[in-house]
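Scroll down for the structure; my scribbles are underneath it.
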Amino acid sequence: MACVAVRDLSLDDGEAGATRSAMASAKEGNGAPTKRTTLHDLYDLQGQSPWYDNLCRPVTDLLPLIANGVRGVTSNPSIFQKAISSSNAYDDQFKQLILAGKDAENAYWELVIKDIQDACKLFEPIYNQTDGADGYVSVEVSPRLANDTQGTVEAAKWLHKVVNRPNVYIKIPATAECVPSIKEVIANGISVNVTLIFSIARYEAVIDAYLDGLEASGLSDLSRVTSVASFFVSRVDTLIDKMLEKIGTPEALALRGKAAVAQAKLANQLYQKKFSGPRWEALVKKGAKKQRLLWASTSVKNPAYPDTLYVDPLIGPDTVSTMPDQALLAFIDHGTVSRTIDANVSDAEGVYSALEKLGIDWDGVGKQLELEGVDSFKKSFDSLLVSLEEKGNALKKTVSL
């Protein structure tokens with residue numbers, strides 16, 4: 001398994017054995033599949049693309065995952081912080097960069113860009129086979145720019161230029177300041193993964209930014225400008241469950257573990273509505289592709305919940321589910337492949353309104369989670385840069401001795 005060994009995952013002995021057997025076919029041969037997996041079925045039967053929410057060296061560790069049905073990769077500052085700080089695979093390149101006079105932050109971006117380029121190469125066959133609909137690798141702009149509209153636009157343009165791969169997605173957070181950035185970056189013909197979406201209100205603003213950007217682009221062929229909207233799931237339950245426990249009534253406690261999936265199903269209803277009608281049809285005539293909904297934060301945080309809780313109920317066509325190791329292994333092993341995204345929508349509406357009646361402010365929840373998400377990525381980024389700076393200084397001293 002790329003980056004993480006099964007023994008390191010939080011699985012009991014039975015689950016670990018099952019996941020080992022589930023992944024055994026991935027480890028045989030040169031990345032050639034020995035059997036179909038639930039990931040293949042997810043895409044072939046239901047039209048949902050399974051992506052892997054992790055990246056580290058050696059990037060070739062992705063090959064067995066691709067053979068087993070993974071169709072794209074997402075990364076973020078926390079993923080790179082873990083990858084670079086816990087592995088010596090980056091040491092040689094880092095040393096060369098520091099000795100060539102690069103500072104810690106420039107060296108960081110060189111390390112990241114190499115991983116993204118190498119991963120893009122591995123997924124390029126999928127990108128080509130699907131005529132640019134799938135096979136993307138996502139890289140995020142600096143989290144320090146989360147409240148800087150123009151800085152984000154410039155960073156996205158720079159990253160797109162230096163990575164220089166057709167199947168790279170530039171990740172931009174869905175903060176209020178960065179929603180206008182999304183429009184401008186799309187208008188420049190750059191494909192975007194919009195991240196850190198936690199509420200339906202903000203999701204609608206993200207869709208509008210994508211449509212506005214396509215319309216403002218002036219391109220006669222829009223087919224190569226694509227986007228995904230990363231709607232976060234499990235973190236919503238983590239926060240709302242705490243609120244429900246504080247309320248403490250039987251009615252409140254009965255709604256634990258239901259908020260995230262309910263909101264996600266309603267987000268899909270909005271997606272269906274916004275990507276239809278005269279405005280969208282005019283863009284389709286120019287080759288525009290829908291901004292696919294991507295389910296992010298799919299790992300279960302509460303061990304009392306089923307480990308596929310944020311994958312199984314959100315399966316449907318023209319969507320993406322990006323899964324970290326635990327969720328991916330669980331779904332390969334015992335996930336259920338069936339169309340669920342538009343099932344029980346009235347129940348989802350009932351949960352959503354019941355939570356509102358209990359005093360849960362959905363927009364407030366979204367804003368709090370967005371702040372926490374941005375802060376978490378900033379901390380990871382800053383922490384890694386501090387450790388790289390220390391490492392770089394130590395290297396310079398060694399050389400000067």
Side-chain angles (χ1 to χ4, degrees), residues 38 42-43 45-51 53 174 194-208 210 227-241 243-244 251-252 254-277 280 290-302 305-323 327 330-331 335-358 360-366 369-370:
T38 48
L42 190 63
Y43 180 75
L45 304 179
Q46 298 302 331
Q48 183 173 80
S49 294
W51 288 6
D53 191 28
V194 184
T195 189
L196 296 176
I197 305 171
F198 295 99
S199 71
I200 289 172
R202 184 55 56 82
Y203 174 46
E204 184 161 19
V206 165
I207 297 174
D208 287 339
Y210 177 62
S227 182
V228 289
S230 294
F231 201 97
F232 280 56
V233 194
S234 68
R235 292 189 202 182
V236 173
D237 272 346
T238 302
L239 179 55
I240 290 182
D241 282 1
M243 294 174 166
L244 293 171
E251 183 193 8
L255 288 168
R256 285 178 298 180
K258 295 181 179 177
V261 168
Q263 182 179 230
K265 283 179 180 275
L266 298 186
N268 183 66
Q269 294 297 299
L270 178 64
Y271 164 84
Q272 300 296 342
K273 178 184 161 191
K274 296 287 279 190
F275 288 99
S276 62
W280 175 243
K290 291 175 183 176
Q291 180 187 54
R292 288 189 295 172
L293 254 173
L294 179 151
W295 308 121
S297 180
T298 52
S299 62
V300 171
K301 309 289 192 284
N302 184 337
Y305 295 161
D307 54 8
T308 57
L309 176 63
Y310 302 115
V311 183
D312 282 356
L314 298 175
I315 295 172
D318 299 321
T319 56
V320 179
S321 181
T322 191
M323 296 172 258
F331 189 76
T336 303
V337 178
S338 64
R339 181 166 174 158
T340 49
I341 186 60
D342 40 18
N344 307 315
V345 173
S346 58
D347 290 350
E349 287 166 346
V351 167
Y352 194 88
S353 58
L355 287 161
E356 281 183 319
K357 283 172 191 165
L358 286 170
I360 302 295
D361 172 10
W362 282 99
D363 285 348
V365 165
L369 288 170
E370 179 190 297

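Along the sequence shown, the residues carry numbers beginning at 1.
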- Non-hydrogen atoms of Phe231 and Ser199 that approach each other most closely: CE1-O, 3.8 Å

- Separation between CG of Leu239 and OG of Ser234, rounded to the nearest 0.5 Å: 11.5 Å

- Where the side chain of Ser49 meets the backbone of Val320, is there a donor-acceptor pair that is under 3.5 Å apart? no

- Query: Counting heavy atoms not belonging to Lys301, are there more than 12 under 6.0 Å from its NZ?
  - Reply: yes

- Close side-chain approach of Leu255 to Ile360, heavy-atom, < 4.5 Å: no

- Note on the structure: Taken to the nearest 0.5 Å, the spacing of Glu251 CD from Leu244 CG works out to 9.5 Å

- Over 60° means perpendicular and under 30° means parallel, so classify the ring planes of Phe275 and Tyr210, tilted if in between. tilted

- Query: Quick one: which of Asp318, Val228, Val194 gives a side-chain contact (heavy atoms from CB on, under 4.5 Å) with Gln291?
  - Reply: Val194

- Which heavy-atom pair separates Lys274 from Asp208 by the least distance, and what is that distance? NZ-OD1, 2.7 Å

- Item | Donor-acceptor contact below 3.5 Å, side chain Thr336 vs main chain Asp312 | no

- Item | Derivation of the side chain to side chain contact (heavy atoms under 4.5 Å, CB included) call for Met243 and Val365 | CA-CA 10 Å; Met243 294 174 166; Val365 165; 3.9 Å; yes

- Is there side-chain contact between Leu314 and Val233, with at least one heavy-atom pair below 4.5 Å? yes

- Task: Hey, could you give me the CG/OG distance between Asp53 and Ser297, rounded to the nearest 0.5 Å?
- Result: 9.0 Å

- Message: Measuring from atom CD1 of Ile207 to atom CD1 of Ile200, what distance do you get when rounded to the nearest 0.5 angstrom?
- Response: 10.0 Å

- Query: If we ignore angles and hydrogens, is there a donor and acceptor under 3.5 Å between the side chains of Tyr305 and Asp237?
  - Reply: no

- Query: Counting N and O atoms only, with roles assigned by atom type, does the side chain of Ser230 sit under 3.5 Å from a partner on the main chain of Thr195, one being a donor and the other an acceptor?
  - Reply: no

- For Val206 and Ala229 the tightest heavy-atom approach is CG1-CB, 4.3 Å

- Interatomic distance, OG@Ser227 vs NZ@Lys290, rounded to 0.5 Å, equals 14.5 Å

- To the nearest 0.5 angstrom, please state how far the CG atom of Leu196 sits from the CZ atom of Arg235. 6.5 Å

- Query: Do Ile341 and Trp295 have side chains that get closer than 4.5 Å, going by heavy atoms?
  - Reply: yes

- Would Phe331 and Thr298 satisfy side chain to side chain contact (heavy atoms under 4.5 Å, CB included), going step by step from the backbone distance to the final call? CA-CA 11 Å; Phe331 189 76; Thr298 52; over 6 Å; no

- Note on the structure: In terms of heavy-atom contacts, Ala174 and Glu370 come closest through O-OE1, 3.5 Å

- Item | Which atom of Ala260 lies closest to which atom of Tyr310, heavy atoms considered | CB-CE2, 3.9 Å

- Note on the structure: In terms of heavy-atom contacts, Lys265 and Ala343 come closest through NZ-O, 3.0 Å

- Which word best sums up how the rings of Phe232 and Phe198 line up, parallel for under 30°, tilted for 30 to 60°, or perpendicular for over 60°? tilted

